[in-house]
> 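The structure's right below; bear with me while I get my questions together.
Numbered from 1 within each chain, the chains take letters A, B, ... in sequence-line order. Reckoned from all heavy atoms, side chains included, excluding hydrogens, waters and symmetry mates. Since we're looking at a predicted model, the values are computed, not measured.
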Amino acid sequence: MKKFINNVDDVLTESLTGFGLAHSDILKIHLNPNFIIRADKSKEGKVSLISGGGSGHEPLHGGFVGYGMLDAACPGQVFTSPTPDQMISASQAVDNGGGTLFIVKNYSGDLMNFEMASEMLGIENMTVLVNDDVAVEDSSFTTGRRGVAGTMIVEKIVGSAAEAGISLAECKELGDHVNKMTASMGVAFTSCTVPAAGKPTFEIAPDEMEIGVGIHGEPGRKREKTKSADEITRDLVDTILEDLKPDNNAEVLLHVNGFGGTPLMELYLLFNSAAKELEKNKVKISRSLVGNYTTSLEMAGASITLCKLDDKILHHWDSPVHTAALRWGM
Amino acid sequence: MKKFINNVDDVLTESLTGFGLAHSDILKIHLNPNFIIRADKSKEGKVSLISGGGSGHEPLHGGFVGYGMLDAACPGQVFTSPTPDQMISASQAVDNGGGTLFIVKNYSGDLMNFEMASEMLGIENMTVLVNDDVAVEDSSFTTGRRGVAGTMIVEKIVGSAAEAGISLAECKELGDHVNKMTASMGVAFTSCTVPAAGKPTFEIAPDEMEIGVGIHGEPGRKREKTKSADEITRDLVDTILEDLKPDNNAEVLLHVNGFGGTPLMELYLLFNSAAKELEKNKVKISRSLVGNYTTSLEMAGASITLCKLDDKILHHWDSPVHTAALRWGM
Amino acid sequence: MSSEMIIQIIKEVQKAYEANASEIEKLDQAIGDGDHVINMRRGMKAILEIEEELGSLKPADALNKIGMTLLASIGGAAGPLFASMFMGMAKVPGSDDIHNSKTIAKMFSSGVELVKQRGKADVGDKTMMDVLIPVSNLFSELVETDNLSKNEMLGQLMAEAERGMLSTKDIAATKGRASYLGERAKGHIDPGAKSCQLIIFTICNYLINRGESK
Amino acid sequence: MSSEMIIQIIKEVQKAYEANASEIEKLDQAIGDGDHVINMRRGMKAILEIEEELGSLKPADALNKIGMTLLASIGGAAGPLFASMFMGMAKVPGSDDIHNSKTIAKMFSSGVELVKQRGKADVGDKTMMDVLIPVSNLFSELVETDNLSKNEMLGQLMAEAERGMLSTKDIAATKGRASYLGERAKGHIDPGAKSCQLIIFTICNYLINRGESK
Ligand SMILES: Nc1ncnc2c1ncn2[C@@H]1O[C@H](COP(=O)(O)OP(=O)(O)O)[C@@H](O)[C@H]1O
Ligand SMILES: Nc1ncnc2c1ncn2[C@@H]1O[C@H](COP(=O)(O)OP(=O)(O)O)[C@@H](O)[C@H]1O
Ligand SMILES: [Mg+2]
Ligand SMILES: [Mg+2]
Ligand SMILES: [Mg+2]
Ligand SMILES: [Mg+2]
């Protein structure tokens, strides 16, 4: 394992400290329990948006703390959900009297830890569960779909709406709505290596790929021989469209997300493949986002996310945002 | 080689097409010869800033085309400098009567191709040569230092000044000045694979790193056993400081740049290590930039860049910019 | 049972865990995300860091404190579940002062019940519940059985834990991270089930040896 | 020399290049950035794509057109340098209509001169100049020598190219990408020098065989 680290046990603390130093204009780091909050208090009565999850997906979620998006993020250990004390302390630190909305990716661990935080927290709170990963079949007999790259879209949209002053219940409703409009699927070429584990999470042959991979290197739908970018894209986009069933000429946000180890050049090439596939399917790309936003450490691979746009989502997507990883309009 | 490609020969074209589609609001792609220009014409009389170089360093340079930075970028084949016809066509396409400033990274190939463009172009033009890589000794008997991650700082500062309306000669002078204030050095853990080559550019053992590596996977100063992040940082920062010789309490911009295959988590950890080292040396970090800005495809590794700040550089760093990869203030 | 004994047992478990770490790690790498051992280690370390404080508490308070400590240190799915186990055990009236197996069986059953409420998994979902539920049921049954020596009882519990753990091997998962794998999870033992089996085995073994040495 | 012959020679070079591609690629991977073969291939392909147009041009115009085509297709350091070679050759008065070795030697020398101006490298810098300059010098000398058969001359030029190419092996580079390596470049032949040697070898060989077959 070759990594920029000093000591496996200090990776998270040192990385968070660096993150805080690099962005001291917009955020503050709290250690023990670990959380990241905005540097400036937001408006009185504003709903607080709090997300969190295992580390190793950076910039998710800490990179989205700031005006127009999250109020706080709770980073767990690498690929391990954070613990309730983090969510409780973060909620108390950013509370403005508007209540707390937890944005949680659907994993047993995240769910249970946020659930316990929700029960133990003395502040009114609700939870939006993100489960955009169509690689996993959704059934009441399983854990259901995972939350992946679509999470940051939920955070952006609800973040903007919360800034505009809507209520906790409305935030929850909007978050659920965006989640329903959003679907993702990914593919991995290589594994990643969790620093504390010291070796790759999974083995994969030099000519194989994992279709439908999770963002923790969890195995996906199937393992296949590598194919061309166009063929891979067709697989992903078609599965997504089957789920979202957009109307003819529906407008979407197309997000091509790198898992950390894939060059930007290839992500834009994928975007081009996806654009061709969407055109064939009479879906119109109105907004786009390409880059490493929801990563799996240094895993090579990428995911495609579509979010069906309505006026409300479009408005809140375009509104100003000022975070470490996403910034426009200000 | 596992990559998102359809055909090795089409990588660049398809990636550029995707890039153009994803950012149609701010830029336009021209193919054959290949160049990227701003979507909107800039002010009459404004100096045109044009950069370029081999592809594979994305977002450099195309990601920096837009308001407050470049007017055009000329992408060569992967790791191969562009050809003069690209620079000439791009210059003609964006000419506003203010002359053309070429921003060129110091490599024999880039230099010669830009030189021929400069000679053949019928527009008044000057060239800023960026050579911030302190890993390479600078001597009149050698090719001299390479241009690496500091290039985007030159592009940002001169881009802002050009937007403000200064003359070609002043742009050239400012660019040379920023270049002199800037120094970088990098380290690689893995090689990258050029799509057309199909195999890694160099071999490196699982416990070795290349100190002073170039952004094309060129070997660096020395190959060593891997060390802790703090030790690596000390090596890089000390070499940089020896070159820049900042005054006590000098203010700097600290840029930690990923080469493409290193997780953001580690880049922020490096930032933390660098901050500790700079504090020891009584250097003050006034601005910071962390992320993958000057990459070597999927190479694991990172570089550290320092730019000594004066009022002028600070002002132009903070001024609004709106490109695909760098955006603030608008 | 005293707080010291709880600590002693946790130390034994920690030792056993290290001896089996790479085996369990491989299980979570095969059908999970590979962090289960790291998570469990972090939890045990956190408990032992407050060893002194725990020693000064009454057993029920110590169990609660351990639960809260695990909750704030393990994370992942295992965190809330193991925390619930201890919190559930602390809930049983009389858990402060226990001299007989019946109370311990009640505590165990109460712990498992809270784990089940939190995780909403049951036998057959390929989780730690495949060990915890059958062992808890058997335990409650055995303490009502006459003419059973303590060691015989412990031996039966160990065997039941082993059976439960092995039963996770050939089924698909319907809860936890392994459920994403569908059919591909078959053929691998669930890491959480393996952890629970190891813990139960270690505790029983400790009690058997302790009994002998006295 | 006719435009057809120039094209014929380029086809021969292309063949020779493919036969030696992996060897040359290894050299640029060892001390450069590994793209030299890809660059050269792109250049040759671009020329052959305009084969028909070239065939209709006078030799000097064809050489110029080839230069511009290489300039717009090779890129990297090799692009402007090989382009300059052809443009320099086209500059020589009489290069349109050449029947004797003296004119060809002058053309070669003029080409090398322009390459040298562009790259600012000289013998000993560990670049293609270590082949081009000595071969050009020897060529100019030999065409003034009486009693030397054409094949003898070509043989000597081939030997000189080989010597020049090998001379790059044990020195450090002071120009081009290999210069970043310092002492570490020693022990590797320069890829550009190898390319030039291969091209010269192929041309001489072609001319020798052509002479024989006539
Ligand atoms: N809903 C659940 N109920 C009971 N046990 C569960 C549940 N979800 C997961 N587990 C157990 O947790 C174990 C994984 O724990 P761990 O690896 O620490 O957490 P994570 O899955 O979050 O990485 C699984 O092997 C399984 O036994
Ligand atoms: N300044 C120079 N003068 C002469 N030849 C040079 C010079 N710089 C580089 N070269 C030649 O170019 C070759 C490398 O070409 P190539 O790999 O195509 O370009 P790049 O170095 O830009 O990747 C070197 O092996 C060397 O022979
Ligand atoms: Mg986990
Ligand atoms: Mg090159
Ligand atoms: Mg796990
Ligand atoms: Mg090269």
Side-chain angles (χ1 to χ4, degrees), chain B residues 8-9 32-33 53-54 56 76-86 88 107-117 119-120 133 135-137 139-146 191-203 212-223 296, chain D residues 21-22 25-26 28-43 45-46 67-84 87 114-115 117-122 124-128 172-185 188 192:
Chain B
V8 169
D9 292 332
N32 257 321
Q77 294 295 323
V78 175
F79 289 177
T80 300
S81 70
T83 55
D85 51 317
Q86 293 174 257
I88 292 169
Y107 297 94
S108 305
D110 293 68
L111 201 59
M112 289 190 268
N113 282 285
F114 271 95
E115 228 172 61
M116 291 191 81
E119 291 164 14
M120 294 158 82
D133 189 351
V136 175
E137 264 174 280
S139 135
S140 48
F141 300 109
T142 68
T143 320
R145 294 167 169 194
R146 299 173 288 221
S191 174
C192 47
T193 298
V194 175
K199 52 178 189 292
T201 304
F202 59 93
E203 297 293 327
V213 73
I215 55 172
H216 308 87
E218 307 100 314
R221 275 198 171 190
K222 52 186 176 185
R223 187 160 289 195
S296 300
Chain D
S22 80
E25 181 158 48
K26 277 198 196 99
D28 198 36
Q29 282 182 340
I31 60 169
D33 59 353
D35 61 354
H36 184 57
V37 167
I38 304 166
N39 296 344
M40 296 296 283
R41 262 193 200 135
R42 208 169 35 239
K45 190 167 163 251
M68 289 305 292
T69 305
L70 293 178
L71 187 63
S73 60
I74 298 187
L81 296 173
F82 280 100
S84 297
M87 291 169 173
L114 208 63
V115 176
Q117 273 175 33
R118 180 58 62 198
K120 299 187 186 65
D122 212 326
D125 282 331
K126 195 176 182 122
T127 69
M128 56 175 73
T174 41
K175 282 284 178 303
R177 233 174 254 287
S179 68
Y180 307 132
L181 271 175
E183 292 293 306
R184 283 204 279 171
H188 301 276

> Tell me which of these, G76(B), G212(B), P84(B), has more heavy-atom pairs under 4.5 Å with chain D than the rest.
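Sorted descending by pairs with chain D, the first entry is P84(B).
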> Given that the side chain runs from C-beta out, which part of E203(B) has a heavy atom under 4.5 Å from chain D: side chain, backbone, both or neither?
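Neither; nothing under 4.5 Å.
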> Tell me, for D85(B) versus chain D, whether the close heavy atoms (under 4.5 Å) come from the side chain, the backbone, both or neither.
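D85(B) touches chain D through side-chain heavy atoms alone.
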> On a heavy-atom basis, which atom in L71(D) and which in M116(B) lie closest, and how many Å separate them?
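So the minimum-distance heavy-atom pair works out to CD1-SD, 3.5 Å.
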> Which atoms form the tightest heavy-atom contact between K222(B) and R184(D), and what is the distance?
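In terms of heavy atoms, the two residues are closest at N-NH2, 3.5 Å.
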> How long is the gap from CZ on R177(D) to NE2 on H216(B), to the nearest 0.5 Å?
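Nearest 0.5 Å value for the CZ-NE2 distance: 4.5 Å.
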> Against chain B, label A178(D) side chain, backbone, both or neither, depending on which of its atoms sit under 4.5 Å from a heavy atom there.
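Neither part.
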> So, for A197(B) and E25(D), which heavy atoms are closest and what is the spacing to 0.1 Å?
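Here A197(B) and E25(D) meet closest at CB-OE2, 3.9 Å.
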> N113(B) and G76(D): which non-hydrogen atoms are nearest, and at how many Å?
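That closest heavy-atom pairing would be ND2-O, 2.8 Å.
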> Which atom pair, heavy atoms only, marks the closest approach of M112(B) to G119(D)?
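Minimum heavy-atom contact is SD-CA, 3.9 Å.
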> Can you tell which part of P200(B) gets under 4.5 Å to a heavy atom of chain D, answering side chain, backbone, both or neither?
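Just its backbone gets close to chain D.
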> Which one, G79(D), S179(D), A72(D), leads in non-hydrogen pairs under 4.5 Å with chain B?
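The answer is A72(D).
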> Can you tell me which of D28(D), I38(D), I31(D) forms the most heavy-atom pairs within a distance under 4.5 Å of chain B?
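Most pairs with chain B among the choices: I38(D).
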> How far does NZ of K120(D) sit from OG of S108(B), to the nearest 0.5 angstrom?
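Spacing of NZ (K120(D)) from OG (S108(B)) equals 10.0 Å.
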> Please flag which part of F202(B) lies under 4.5 Å from any non-hydrogen atom of chain D: side chain, backbone, both or neither.
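Looking at F202(B), nothing touches chain D.
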> Does G217(B) offer a backbone N or O that forms a donor-acceptor pair with the side chain of D33(D) under 3.5 Å?
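Absent.
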